[in-house]
**Q** 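This is the structure, below, for whatever I ask next.
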Amino acid sequence: MPDESDDQDESSTDEFEVLPENWSALEIFLDCSTQWKHAPMGGLTGLEYPAVRTVMEFHAVPLAEMRERFKQVRLLERGALNEMNKANR
């Protein structure tokens, strides 16, 4: 009998492509996974930005690149919040 997992299409996998220019921002975002702010009535409101700065320093992001990397992390944050909000509806 065939295994049902063989019938899954590629869109159901957890793998995705990351462009090289976005890799650093993704690593920073993932390392901030425990730094979400929680709303008083539940749910997440966003990342703790001082923690994002600390993580960027751990990753040795040059000062001249921090602003751009922060913008990229915020885009990832917004996308994650949108998906988490969809899941909670």
Side-chain angles (χ1 to χ4, degrees):
M1 181 171 249
D3 184 8
E4 288 182 28
S5 63
D6 293 338
D7 294 336
Q8 295 178 345
D9 63 42
E10 288 182 32
S11 65
S12 67
T13 67
D14 291 330
E15 294 181 19
F16 52 90
E17 184 176 351
V18 178
L19 297 173
E21 61 268 23
N22 296 327
W23 189 252
S24 176
L26 179 61
E27 287 182 312
I28 292 165
F29 178 76
L30 293 174
D31 283 350
C32 290
S33 64
T34 61
Q35 301 303 315
W36 288 94
K37 293 187 291 186
H38 294 264
M41 298 300 290
L44 301 174
T45 61
L47 291 170
E48 293 282 355
Y49 292 154
V52 174
R53 169 82 186 236
T54 300
V55 171
M56 285 195 285
E57 290 170 357
F58 284 141
H59 280 265
V61 175
L63 192 57
E65 295 178 19
M66 278 195 179
R67 180 172 291 184
E68 182 60 29
R69 207 66 61 241
F70 182 67
K71 288 179 185 177
Q72 290 174 310
V73 169
R74 288 190 65 205
L75 288 172
L76 291 166
E77 172 194 39
R78 186 178 317 139
L81 283 171
N82 285 341
E83 289 302 310
M84 288 185 283
N85 286 336
K86 282 182 193 175
N88 290 332
R89 290 184 191 151

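For reference, positions follow the sequence shown, starting with 1.
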**Q** Can you find a pair of side-chain heavy atoms, one from H59 and one from M56, that are under 4.5 Å apart?
**A**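 No, every pair of side-chain atoms sits at 4.5 Å or beyond.
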**Q** Does any part of the side chain of W36, heavy atoms only, come nearer than 4.5 Å to the side chain of L81, both counted from C-beta?
**A**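 Side chain of L81 against side chain of W36, heavy atoms only: contact under 4.5 Å found.
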**Q** Got a second to check how far R69's CZ is from N22's CG, nearest 0.5 Å?
**A**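 Between R69 CZ and N22 CG, I get 9.0 Å after rounding to 0.5 Å.
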**Q** Using the rule that two of Ile, Leu, Val, Met, Phe, Trp, Tyr join whenever any of their side-chain heavy atoms come within less than 4.5 Å, decide whether L76 and F58 are in one cluster.
**A**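 Different clusters: L76 never reaches F58 through Ile, Leu, Val, Met, Phe, Trp or Tyr contacts under 4.5 Å.
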**Q** Looking only at heavy atoms, which two atoms of E77 and L47 are closest? And how far apart?
**A**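 The pair with the smallest heavy-atom distance is OE2-N, 2.6 Å.
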**Q** Group every Ile, Leu, Val, Met, Phe, Trp and Tyr by side-chain heavy-atom contacts under 4.5 Å, then state whether V55 and W23 land in the same group.
**A**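 Yes, because V55 and W23 connect within a single hydrophobic cluster, where side-chain heavy atoms sit under 4.5 Å apart.
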**Q** Rounded to the nearest 0.5 Å, how far apart are NZ of K37 and CG of L44?
**A**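 That separation rounds to 11.0 Å.
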**Q** Search all heavy atoms of A51 against all heavy atoms of C32 and return the closest pair with its distance.
**A**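 Reported closest heavy-atom pair: O-SG, 4.5 Å.
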**Q** Donor-acceptor pair, distance only, cut-off 3.5 Å: does the side chain of Q72 make one with the backbone of S24?
**A**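 The answer is no, because no donor-acceptor pair under 3.5 Å joins these two groups.
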**Q** Using every non-hydrogen atom in the two residues, find where I28 and V61 come nearest and quote the distance to one decimal.
**A**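 Smallest interatomic distance, heavy atoms only, reads CD1-CG2, 3.8 Å.
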**Q** For the hydrophobic clusters of this structure (ILVMFWY residues joined by side-chain heavy atoms under 4.5 Å, transitively), does one cluster hold both L75 and M84?
**A**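 No, separate clusters.
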**Q** Of the options M66, R67, E65, which is the one that meets L63 in a side chain to side chain contact (heavy atoms under 4.5 Å, CB included)?
**A**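 The side chain to side chain contact (heavy atoms under 4.5 Å, CB included) with L63 is passed solely by M66 among M66, R67, E65.
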